[in-house]
Asks: 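Starting off with a structure, shown below.
In what follows, chains are A, B, ... by sequence order, proteins preceding strands, each numbered from 1. Quick caveat: nothing in here was measured; it's all calculated off a predicted structure.
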Amino acid sequence: MSEIALTMPDGSVRPFARGGTGADLAADISRSLAKRAVAIRVGGALRDLAEPLTEDGAVEIVTRDDPDGLDLIRHDAAHALAEAAKELYPEIQITIGPVIENGFYYDFSRAEPFTPDDLARLEERMREIVDRDELIAREVWDRDEAARFFEGEGEHYKAEIIRSIPSEEPITLYRQGGFLDLCRGPHLPSTGRLGKAFKLMSVAGAYWRGDHRNEMLQRIYGTAWRTEKELRAYLERLEEAERRDHRRLGREMGLFHLQEEAAGSVFWMPKGWTLFRVCEDYMRMRLDANGYVEVKTPQLLDRALWEASGHWEKFREHMFVAEAAEDRLFALKPMNCPGHVQIFKQGIKSYRDLPLRMAEFGACHRNEPSGALHGIMRVRAFTQDDAHIFATEDQVTAETERFCALLTSIYADFGFEDVLVKFSDRPEVRAGEDGVWDKAETALLDAVNAAGLEVELNPGEGAFYGPKLEFVLRDAIGRDWQCGTFQVDFVLPERLNATYVDESGERRRPVMLHRAILGSFERFIGVLIEHYAGRFPLWLAPVQAVVATITSDADDYARAVCARLREAGLRAELDLRNEKIGYKVREHSVAKVPVMLVVGRREAEQGTVALRRLGSQQQEMLAVGDSIHTLSEEAAVPSRGR
RNA sequence: GCCGCGCUAGCUCAGUCGGUAGAGCAGCCGAUUUGUAAUCGGCAGGCCGCGGGUUCGAAUCCUGCGCGCGGCACCA
């Protein structure tokens with residue numbers, strides 16, 4: 001029997017009997033490793049531990065503690081779920097069950113809906129399967145035989161998957177106990193290795209193969225971890241996310257409300273609208289300082305303009321239409337671009353006017369599908385921080401760089417330092433010449449790299465009218481939100497006949513750059529609420545300070561203090577109610593007011609305030625003037641980038 | 001839009017077998033003048049999402065619609 005030379009992760013070379021398995025290798029190395037081993041990496045590819053090793057090369061034993069080990073656990077949890085489901089409900093069909101972030105799911109076809117009781121039964125059965133510690137074995141099958149087998153079992157989806165697997169790929173099945181599933185693998189050596197740190201979370205509908213024209217399957221979501229401790233930590237993170245939910249905080253903090261007569265539109269209450277205005281004023285200040293001009297364009301525009309822009313044909317379904325007398329049809333604008341082009345076209349533009357950066361806090365309406373609505377994050381009426389930059393092709397690079405700098409500085413001011421960029425280049429079906437695309441794509445990529453941003457490529461995902469950048473920010477608990485966007489458009493200036501006169505007196509088409517930083521104020525404020533869990537930094541807080549009295553003796557003094565805070569531009573409120581100070585403190589703490597100024601007889605006599613910050617147990621005695629000075633400074637709108 | 005689940009007081013929720021509805025908190029009123037996360041007492045509050053049906057009788061059963069929630073699909 002010959003030997004092969006295996007290169008271990010530490011660089012050492014180990015002779016090994018040809019045909020021995022990963023499990024043998026682990027056992028050779030140490031008993032503890034043999035116990036912990038769940039798979040093996042051979043030349044970079046993850047394999048089953050039971051697979052014979054036949055060639056020289058780099059190998060690495062994978063344990064449960066490796067990132068890959070966690071994926072194996074999740075994948076096996078999906079198989080255990082499918083096995084449990086087949087045992088409990090033999091009439092169902094199984095389809096696919098991949099690993100996803102934090103866990104796994106499995107899609108089933110079954111006439112009856114799964115109930116919460118079913119989930120509990122399935123989870124119980126999964127635990128039994130772990131206890132049975134069934135060997136998980138890989139089998140290579142003949143394609144037709146495998147398809148016949150699954151058809152015979154009534155598993156038509158599996159047979160369909162087999163028929164769609166490229167003919168050069170082997171058909172592998174994994175057997176655990178009496179259960180056989182089509183799967184590429186690899187898997188853990190046995191179901192006992194899965195452990196029990198998993199939980200079935202929910203049932204949901206999902207289209208077969210993700211296509212809405214296909215039948216709907218039942219998807220069971222689960223989460224799976226290496227240890228109970230990790231599982232608990234994950235469940236706690238979910239609870240934390242729920243506590244931060246902007247819909248809940250919006251109600252509790254009196255920021256906004258939603259009601260069914262205006263599904264998808266926000267009723268901003270005074271405090272929420274204050275927050276909105278603070279964000280808008282801040283954005284206006286930044287845009288003014290960055291060479292933008294602000295405009296306002298009509299909400300309702302004649303159908304003819306939407307036909308000319310191409311929206312009527314492509315997006316009619318999503319537009320709200322208003323009928324007027326004399327048979328005229330108007331549409332509520334779903335976007336601001338056509339309006340901005342109309343302003344651009346007033347008078348003849350020279351190359352000297354470019355780049356022209358035209359901004360609008362534009363209220364747009366889109367008839368989003370009912371299932372898409374989500375709090376204030378996904379709505380039908382929203383306000384974009386929109387702008388269109390009319391530029392020459394040569395100006396695209398500089399404008400993109402300028403935009404990236406502005407965007408990162410604004411995100412940083414709002415407390416987001418972590419920004420990811422997704423770059424989408426030319427799709428199959430597109431307008432414009434390849435040379436122009438080359439130029440635009442290069443311009444975007446260069447600018448993003450120059451800004452030092454992390455880029456993810458989405459090949460072929462660009463709009464038909466040009467390539468685009470999407471800016472994703474990461475919040476305090478690690479969730480990603482797409483907010484900013486930057487799109488190059490070669491088409492709209494053409495369709496709406498926008499031109500400028502170049503150096504030699506020729507009429508030319510400008511390039512239009514569509515861009516937004518917050519995306520929509522509604523969505524961005526939703527993200528802000530969740531990011532800060534409602535505990536806003538002072539400059540954003542709708543109520544920055546409450547002046548609260550201990551006894552009514554201090555009422556006049558409290559009024560005077562509050563008036564001074566307001567004169568200094570602070571958003572202060574007065575609480576003179578006949579309540580104990582402990583009660584007032586609790587109430588304003590629950591309302592997440594960042595600062596309380598408590599005044600009683602002592603403060604009134606000394607001209608001081610007892611300043612207490614949200615979340616802190618202590619207070620600070622300060623002269624009124626000093627407290628105002630401190631708070632004003634802290635409440636100043638961030639000036640980064642100015 | 002699709003699948004599933006839900007909708008009871010401002011909020012969170014209970015409501016048995018079909019017999020015309022309950023709690024806590026919030027609110028209002030009164031007492032209390034209080035020193036840093038809940039003072040005490042009282043009162044008021046409901047088209048049980050909306051419409052139709054079954055029934056002597058419907059919050060409860062059936063049905064249509066609306067809205068919400070979790071996903072899927074969508075996101076110019």
Side-chain angles (χ1 to χ4, degrees), chain A residues 100 105 107 109-110 112-116 118-119 201-221 242 245 247-248 251-252 254 257-264 306 309-319 334-335 337-338 364 366-375 377-380 382 463-466 468 470 482 485 487 489 491-492 514 519-520 523 548-555 576-591 596-603 610-621:
Chain A
I100 52 173
Y105 66 76
D107 284 348
S109 170
R110 180 185 187 229
E112 289 286 294
F114 285 115
T115 64
D118 290 328
L119 284 201
M201 305 297 286
S202 60
V203 196
Y207 297 106
W208 167 236
R209 303 212 142 159
D211 188 326
H212 69 277
R213 288 163 302 194
N214 288 343
E215 60 271 54
M216 185 145 281
L217 306 171
Q218 294 189 66
R219 173 170 300 178
I220 297 181
Y221 282 96
E242 205 182 314
D245 192 308
R247 292 164 297 186
R248 174 187 179 139
R251 187 180 56 239
E252 286 175 2
H257 89 271
L258 302 160
Q259 68 184 54
E260 62 178 273
E261 289 82 355
W306 301 112
S309 71
H311 292 105
W312 192 262
E313 185 199 358
K314 283 200 85 167
F315 306 110
R316 170 81 181 80
E317 299 293 292
H318 296 279
M319 289 165 69
M335 47 182 35
C337 352
C364 295
R366 297 180 189 175
N367 194 6
E368 302 286 359
S370 56
L373 302 180
H374 178 83
M377 300 278 211
R378 185 88 185 265
V379 284
R380 290 186 174 137
F382 53 93
F464 81 100
Y465 52 75
K468 67 175 176 189
E470 289 173 330
Q482 197 223 300
T485 174
Q487 306 188 16
D489 186 350
V491 172
L492 203 58
H514 306 253
S520 85
R523 180 180 166 78
T549 49
I550 291 169
T551 69
S552 52
D553 295 344
D555 284 4
L576 304 181
R577 290 174 306 165
N578 175 10
E579 296 288 352
K580 287 188 171 174
I581 191 62
Y583 180 83
K584 292 185 184 181
V585 165
R586 178 184 153 77
E587 225 180 38
H588 299 301
S589 299
V590 168
M596 282 192 73
L597 300 174
V598 175
V599 297
R601 193 172 295 155
R602 206 153 64 214
E603 286 77 9
L611 189 151
R612 182 196 160 107
R613 287 173 191 276
L614 179 59
S616 160
Q617 303 295 320
Q618 306 126 27
Q619 29 336 137
E620 213 183 331
M621 284 293 267

Asks: I need the CZ-P distance between A:Arg251 and B:C69, as an integer number of Å.
Replies: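 It works out to 11 Å between those atoms.
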Asks: Measuring only the P atom in each nucleotide, how far is B:U36 from B:G10? A whole number of Å is fine.
Replies: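 The same atom, P, in both gives a distance of 36 Å.
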Asks: Quantified in whole Å, what is the C1' atom distance between nucleotide B:A26 and nucleotide B:C11?
Replies: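 Nearest-Å result for B:A26 against B:C11 at atom C1': 7 Å.
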Asks: Between B:G68, B:A37, B:U36, spot the one nearest the side chain of A:Leu373, thanks.
Replies: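 Selected nucleotide: B:G68.
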Asks: Report which part of the nucleic acid A:Arg612 touches: base, sugar-phosphate, or nothing (heavy-atom distance under 4.0 Å, all strands).
Replies: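 The answer is base, as A:Arg612 lies within the cut-off (heavy atoms under 4.0 Å) of a base atom.
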Asks: Using heavy-atom distances to pick each residue's nearest nucleotide on RNA chain B, tell me which of A:Arg366 and A:Asp211 is more 5'.
Replies: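 Closest to the 5' end, via its nearest nucleotide, is A:Asp211.
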Asks: Looking at A:Tyr465 versus A:His514, is the centre-to-centre ring distance below 6.0 Å?
Replies: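 Yes: the rings meet the under 6.0 Å criterion.
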Asks: Scan A:Gly210 against the nucleic acid and name what it touches under 4.0 Å (heavy atoms): base, sugar-phosphate only, or nothing.
Replies: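 Sugar-phosphate contact only.
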Asks: Going by purine N1 to pyrimidine N3 plus the second Watson-Crick contact, or the G-U wobble pair, all under 3.5 Å, which nucleotide sits opposite B:C48?
Replies: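 Result: none.
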Asks: Counting the atoms with a prime plus P, OP1 and OP2 as sugar-phosphate, which does A:Tyr105 contact under 4.0 Å by heavy atoms, base, sugar-phosphate, or nothing?
Replies: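 Counting heavy atoms under 4.0 Å across all strands, no contact is made by A:Tyr105.
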Asks: What is the nucleic acid contact for A:Ala548, judged by heavy atoms within less than 4.0 Å: base, sugar-phosphate only, or nothing?
Replies: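 It contacts nothing in the nucleic acid.
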Asks: Would you mind pulling out the nucleotide paired to B:C13, Watson-Crick or G-U wobble, both distances under 3.5 Å?
Replies: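 Matched B:C13 with B:G22 under the 3.5 Å cut-off.
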Asks: Does A:Asp211 pair with A:Arg213 as a salt bridge, N-O distance under 4.0 Å?
Replies: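 Looking at A:Arg213 together with A:Asp211, the answer is yes, because their closest N to O distance falls below 4.0 Å.
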Asks: How many whole angstroms separate atom CZ of A:Arg380 from atom C1' of B:A76?
Replies: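 Atom CZ in A:Arg380 sits about 17 Å away from atom C1' in B:A76.
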Asks: From the list B:U33, B:G35, B:C74, which nucleotide is the closest neighbour of the side chain of A:Ser552?
Replies: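 My answer, after comparing the listed nucleotides, is B:U33.
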Asks: Once you round it to whole Å, what is the distance between P of B:U33 and OH of A:Tyr583?
Replies: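 After rounding, the gap between these two atoms is 18 Å.
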Asks: Rounding to the closest angstrom, what is the interatomic distance between B:G22 and B:G52 at atom C1'?
Replies: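 29 Å, rounded to whole Å.
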Asks: Are side-chain N/O atoms of A:Gln487 and A:Thr485 paired as donor and acceptor at under 3.5 Å?
Replies: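 There is such a pair (donor and acceptor under 3.5 Å, judged by atom type) between the side chains of A:Gln487 and A:Thr485.
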Asks: Nearest whole angstrom, please: distance from the P of B:G4 to the CZ of A:Phe114.
Replies: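 It works out to 13 Å between those atoms.
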Asks: Under 4.0 Å between any heavy atoms, over every strand shown, what does A:Arg247 touch: base, sugar-phosphate, or nothing? Just pick one.
Replies: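 Touches sugar-phosphate only.
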Asks: Take the protein atom NZ of A:Lys580 and the nucleotide atom P of B:G35, then report the distance between them rounded to whole Å.
Replies: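 Answer to the nearest Å: 7 Å.
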Asks: Find the partner of B:G66: check Watson-Crick (N1-N3 plus N6-O4 or O6-N4) and G-U wobble (N1-O2, O6-N3) distances, both under 3.5 Å, and reply none if neither fits.
Replies: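 By the stated definition (distances under 3.5 Å), B:C7 pairs with B:G66.
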Asks: According to the Watson-Crick and G-U wobble definitions, with both distances under 3.5 Å, which nucleotide is paired to B:G41?
Replies: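 By the stated definition (distances under 3.5 Å), B:C29 pairs with B:G41.
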Asks: For A:Glu579, which contact category applies under a 4.0 Å heavy-atom criterion: base, sugar-phosphate, or nothing?
Replies: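 A:Glu579: base contact, heavy atoms under 4.0 Å.
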Asks: Need the pair for B:U36. Rule: Watson-Crick or G-U wobble, both distances under 3.5 Å, any strand; none if unpaired.
Replies: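 Result: none.
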Asks: Across the strands shown, which category fits A:Pro113 at heavy-atom distances under 4.0 angstrom: base, sugar-phosphate, nothing?
Replies: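 The residue A:Pro113 makes sugar-phosphate contact but no base contact.
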Asks: Taking only side-chain N and O atoms of A:Tyr207, does any of them lie within less than 4.0 angstrom of OP1 or OP2 on B:G71?
Replies: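 A:Tyr207 to B:G71 OP1/OP2: no side-chain N or O under 4.0 Å.
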Asks: Would you indicate, yes or no, if B:G1 has its OP1 or OP2 atom less than 4.0 angstrom from a side-chain nitrogen or oxygen of A:Ser370?
Replies: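 Answer is yes, contact under 4.0 Å.
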Asks: Please work out if A:Pro116 contacts a base, only the sugar-phosphate, or nothing of the nucleic acid, heavy-atom cut-off 4.0 Å.
Replies: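 It contacts nothing in the nucleic acid.
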Asks: Assign each of A:Leu217 and A:Leu258 to its nearest nucleotide of RNA chain B by heavy atoms, then name whichever residue's nucleotide is nearer the 5' end.
Replies: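 Upstream on the strand: A:Leu217.
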Asks: Rounding to an integer number of angstrom, what distance separates B:C25 and B:C43 when you compare their P atoms?
Replies: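 One P to the other, the span is 15 Å.
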Asks: Can you measure A:Ile581 atom CD1 to B:A38 atom P for me and round it to whole angstrom units?
Replies: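 That distance rounds to 12 Å.
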Asks: Can you tell me how far C1' in B:G53 sits from the matching atom in B:A9, rounded to whole Å?
Replies: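 Roughly 28 Å separates the two C1' atoms.
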Asks: Using a heavy-atom cut-off of 4.0 Å across all strands, would you classify A:Ala206 as base, sugar-phosphate, or nothing?
Replies: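 The residue A:Ala206 makes sugar-phosphate contact but no base contact.
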Asks: Which nucleotide, if any, forms a Watson-Crick or G-U wobble pair with B:C61, using both distances under 3.5 Å?
Replies: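 Across any shown strand, B:C61 pairs with B:G53.
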Asks: Which value, in whole Å, describes the distance between the C1' atoms of nucleotides B:G46 and B:C5?
Replies: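 B:G46 and B:C5 have their C1' atoms separated by 24 Å.
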Asks: Please measure how far the P atom in B:G4 lies from the corresponding atom in B:C62, and state the result in whole Å.
Replies: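 Comparing P positions in B:G4 and B:C62 gives a spacing of 15 Å.
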Asks: Could a donor-acceptor pair under 3.5 angstrom be found where the side chain of A:Arg219 meets the base of B:C3?
Replies: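 Checked by distance alone, the answer is no.
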Asks: Does the structure show a Watson-Crick or G-U wobble partner for B:C2, both distances under 3.5 Å? Name it, or say none.
Replies: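 With both distances under 3.5 Å, B:C2 matches B:G71.
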Asks: Pick base, sugar-phosphate or nothing for A:Arg601, based on heavy-atom distances below 4.0 Å to the nucleic acid.
Replies: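 Counting heavy atoms under 4.0 Å across all strands, the contact made by A:Arg601 includes a base.
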Asks: Is it true that the side chains of A:Arg219 and A:Tyr221 contain a donor and an acceptor less than 3.5 Å apart?
Replies: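 A pair is found: one side chain offers a donor N or O, the other an acceptor, under 3.5 Å apart.
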Asks: Of the nucleotides B:U36, B:G71, B:A73, which has the atom closest to the A:Ala610 side chain?
Replies: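 So the side chain of A:Ala610 is nearest to B:U36.
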Asks: Output yes when A:Glu242 and A:Arg247 qualify as a salt bridge under the 4.0 Å nitrogen-oxygen rule, no when they do not.
Replies: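 Looking at A:Arg247 together with A:Glu242, the answer is no, because their closest N to O distance does not fall below 4.0 Å.
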Asks: Take atom C1' in B:G27 and the same atom in B:A44, then report the distance between them in whole Å.
Replies: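 Approximately 9 Å lies between the C1' atom of B:G27 and that of B:A44.
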Asks: For A:Glu313 and A:His311, does a side-chain donor sit closer than 3.5 Å to a side-chain acceptor?
Replies: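 A:Glu313 vs A:His311: no donor-acceptor pair found between side chains.
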Asks: Do A:Leu373 and A:Glu368 have side-chain heavy atoms sitting under 4.5 Å apart?
Replies: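 Sidechains of A:Glu368 and A:Leu373: in contact.
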Asks: Classify A:Gly582 by what it touches in the nucleic acid, base, sugar-phosphate, or nothing, heavy-atom distance under 4.0 Å.
Replies: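 A:Gly582: backbone/sugar contact only, no base atoms under 4.0 Å.
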Asks: Under 3.5 Å, is there a donor on one side chain and an acceptor on the other for A:Ser552 and A:Asp555?
Replies: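 There is no such pair (donor and acceptor under 3.5 Å, judged by atom type) between the side chains of A:Ser552 and A:Asp555.
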Asks: Roughly, in whole Å, what's the span from NE2 in A:His374 to P in B:C75?
Replies: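 Taking NE2 of A:His374 and P of B:C75, I get 19 Å after rounding.
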Asks: Can you check the A:Met201 CE to B:C69 C1' distance for me, whole Å?
Replies: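 One finds 15 Å between C1' of B:C69 and CE of A:Met201, rounded.
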Asks: Any idea which of B:G70, B:G66, B:G1 is nearest the A:Pro369 side chain?
Replies: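 Ranking B:G70, B:G66, B:G1 by closest atom to the A:Pro369 side chain puts B:G1 first.
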Asks: For A:Tyr207, is the NZ or CZ atom of A:Arg209 found under 6.0 angstrom from the centre of its six-membered ring and inside 45 degrees of the ring axis?
Replies: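 No, cation not above the ring by the 6.0 Å, 45° rule.
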